[in-house]
Amino acid sequence: MTTAGDIMHRGAQWIPAHETLDRAAQLMRELNVGALPISDENERLCGILTDRDIVVGCVAMGHDPARVTAGEMAKGTPRWIAADADVGEVLREMQTHRIRRLPVVDDKRLVGMISEADLAQHLTEDQLATWAESVYARVPSG
């Protein structure tokens, strides 16, 4: 059985909720990633911050990224998966919630992230096509 731990990108790092968005952008550059899990003061997942969040939710709104914190950008209920979860569970979680990045947790600690690139390396073409269709499909309006 292939697990989340088998396909994840190891070495993911938190950005504390109190850190500013300019620091988050610097960390993204250093790690060469487009998203960072946000941790609260107890190192528990409280959100995910993307490079797009910084640009669209802060800079484009005329806010100063040196004055806005990662925690202020955290919205909704963060999703995550256990390291020992089967890949089928990973796909269901990502498809159900239409997400492209999924933190992987083991013993309440962040141990990795699963991104589209990780899926592309480890899934069959059929699995990847089904995942992409469900995540990127337009939601019917009305």
Side-chain angles (χ1 to χ4, degrees), residues 1-61 63 65-142:
M1 165 179 92
T2 304
T3 66
D6 295 330
I7 68 169
M8 72 182 182
H9 176 80
R10 297 186 185 283
Q13 290 186 20
W14 300 108
I15 186 81
H18 64 81
E19 282 287 354
T20 58
L21 297 185
D22 61 340
R23 177 62 192 127
Q26 292 164 2
L27 186 56
M28 287 179 186
R29 182 188 65 221
E30 290 167 18
L31 298 173
N32 194 30
V33 297
L36 294 169
I38 304 169
S39 69
D40 64 16
E41 62 278 354
N42 298 315
E43 292 194 4
R44 303 295 289 266
L45 181 67
C46 65
I48 294 182
L49 178 68
T50 67
D51 47 7
R52 187 175 194 285
D53 293 332
I54 295 171
V55 173
V56 174
C58 179
V59 176
M61 300 296 286
H63 302 295
R67 295 186 181 272
V68 178
T69 66
E72 291 174 76
M73 300 299 290
K75 294 179 178 69
T77 303
R79 309 306 307 177
W80 56 273
I81 196 90
D84 61 356
D86 180 81
V87 169
E89 293 176 60
V90 171
L91 293 175
R92 278 190 295 282
E93 184 71 16
M94 294 176 85
Q95 290 169 323
T96 300
H97 299 284
R98 300 185 67 174
I99 54 177
R100 294 176 281 171
R101 297 173 180 99
L102 188 62
V104 180
V105 175
D106 187 25
D107 195 29
K108 299 182 183 177
R109 297 282 179 220
L110 178 70
V111 294
M113 287 280 279
I114 296 174
S115 68
E116 295 166 295
D118 299 313
L119 296 178
Q121 291 177 359
H122 296 282
L123 299 181
T124 67
E125 286 185 24
D126 288 341
Q127 287 174 312
L128 194 56
T130 300
W131 174 83
E133 184 178 333
S134 64
V135 170
Y136 289 108
R138 290 184 183 250
V139 177
S141 58

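Just the heavy atoms: all of them, side chains too, but no hydrogens, waters or symmetry mates, feed the values below. Predicted, not measured: the structure shown is a model, and the values here were computed from it.
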| query | Which atom names give the shortest non-hydrogen contact between Trp131 and Gln95, and what distance separates them? | reply | CA-NE2, 3.2 Å

| field | CE/Met1: more than 12 non-hydrogen atoms of other groups inside 6.0 Å | value | yes

| said: Just to verify, what does Ala83 make a side chain to side chain contact (heavy atoms under 4.5 Å, CB included) with, not counting sequence neighbours? | reply: Val104, Asp106, Val111

| remark: Output for pair (Asp6 CG, Thr2 OG1), nearest 0.5 Å, gives 5.5 Å

| query | Is any side-chain heavy atom of Leu45 closer than 4.5 Å to a side-chain heavy atom of Val105? | reply | no

| query | Looking at Cys46 and Pro78, what are the two nearest heavy atoms and their distance? | reply | C-CG, 3.7 Å

| Is there a donor-acceptor contact under 3.5 Å from the side chain of Gln127 to the main chain of Thr124? | yes

| note | Nearest heavy-atom approach of Ser39 to Glu43 is CB-CA, 3.9 Å

| request: Kindly indicate whether the side chain of Leu123, heavy atoms from C-beta on, has any atom under 4.5 Å from the side chain of Leu91. | output: yes

| For Thr20 and Asp22, does a side-chain donor sit closer than 3.5 Å to a side-chain acceptor? | yes

| field | Residues forming a side-chain hydrogen bond (donor to acceptor under 3.5 Å, both in side chains) with Glu72, sequence neighbours excluded | value | Thr69

| query | Between the main-chain N or O of Arg109 and the side-chain N or O of Asp107, is there a donor-acceptor pair closer than 3.5 Å? | reply | no

| query | Hey, does the side chain of Asp40 reach the backbone of Arg44 with a donor-acceptor pair shorter than 3.5 angstrom? | reply | yes

| request: Grab the two heavy atoms, one from Gln13 and one from Leu110, that are nearest each other, plus how far apart they are. | output: C-CD2, 3.8 Å

| query | Between OG1 of Thr50 and CE of Met73, what distance do you get to the nearest 0.5 Å? | reply | 7.5 Å

| field | Nearest non-hydrogen partners of Ile38 and Ala17, listed with the distance | value | CG2-CA, 3.7 Å

| field | Minimum side-chain heavy-atom gap Leu49-Met28 below 4.5 Å | value | yes

| Between CZ of Arg92 and OG of Ser134, what distance do you get to the nearest 0.5 Å? | 12.0 Å

| Counting distance only, does the side-chain N/O of Arg10 pair as donor-acceptor with the main-chain N or O of Gly5 below 3.5 Å? | yes

| field | CZ-CG distance between Arg23 and Leu36, expressed to the nearest 0.5 angstrom | value | 9.5 Å

| message | side-chain contact (heavy atoms from CB on, under 4.5 Å), that's the test. Do Val90 and Leu102 meet it? Break it down for me. | response | CA-CA 8 Å; Val90 171; Leu102 188 62; 4.1 Å; yes

| Asp51 side, atom CG; Arg29 side, atom CZ - distance, nearest 0.5 Å | 13.5 Å

| message | For Ile81 and Met94: C-alpha separation, side-chain torsions, deciding distance, then whether side-chain contact (heavy atoms from CB on, under 4.5 Å) applies. | response | CA-CA 10 Å; Ile81 196 90; Met94 294 176 85; over 6 Å; no

| Does CD belonging to Glu125 count more than 12 external heavy atoms closer than 6.0 Å? | no

| task | Please determine if Glu93 and Arg98 form a salt bridge, counting it only when a charged side-chain N lies under 4.0 Å from a carboxylate O. | result | no

| said: Tell me whether the count of non-hydrogen atoms from other residues, nucleotides or ligands lying under 6.0 Å of CZ in Arg79 goes above 12. | reply: yes

| task | Measure across Leu27 and Ile15 and return the closest heavy-atom pair with its distance rounded to 0.1 Å. | result | CD2-CD1, 4.0 Å

| query | Say you draw a straight line from CG of Leu31 to CE of Met113; how long is it, rounded to the nearest 0.5 Å? | reply | 11.0 Å

